Amino acid sequence: PGFGGEPTRVPTADRRGGASIVGLSLRGWEGPGAWPYVAGDFSREDEADDAIKYASPSFASHVDAAASASLTQAYSAYFGSVAAGSPLA
């Protein structure tokens with residue numbers, strides 16, 4: 001069982017087709033008629049050297065407290081049965 005005792009669905013790939021289950025949801029989709037981007041869409045807001053930003057450690061949380069608590073609960077449900085000392089512990 002997965003989170004909250006519900007069954008856990010695990011997407012799989014069709015080893016014969018080489019496409020993931022995501023491909024099934026795109027069936028019939030042809031995409032945009034033309035390339036929708038211009039060169040400026042790929043420029044960064046800050047063109048400074050990345051080494052400056054990553055020179056010292058930074059600890060940031062990219063989710064709010066409720067999302068963090070929800071993830072903690074889900075991880076406990078999914079991984080709580082991992083034995084201590086196993087490579088996954």
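Note that this is a predicted model, so its numbers are computed, not measured. Side-chain atoms are counted along with the backbone in the values below, which use heavy atoms only and exclude waters and symmetry mates.
Screening residues 47-72 for ring-ring contact (aromatic ring centres under 6.0 Å, His included), with sequence neighbours left out, gives no hits.
V63 approaches A67 most closely through the heavy-atom pair CB-CB, 3.7 Å.
Between F42 and W35, the two ring planes are parallel [angle under 30°; tilted spans 30° to 60°].
Side-chain N or O atoms of T72 include one that pairs as donor or acceptor with a backbone N or O of S68 at under 3.5 Å.
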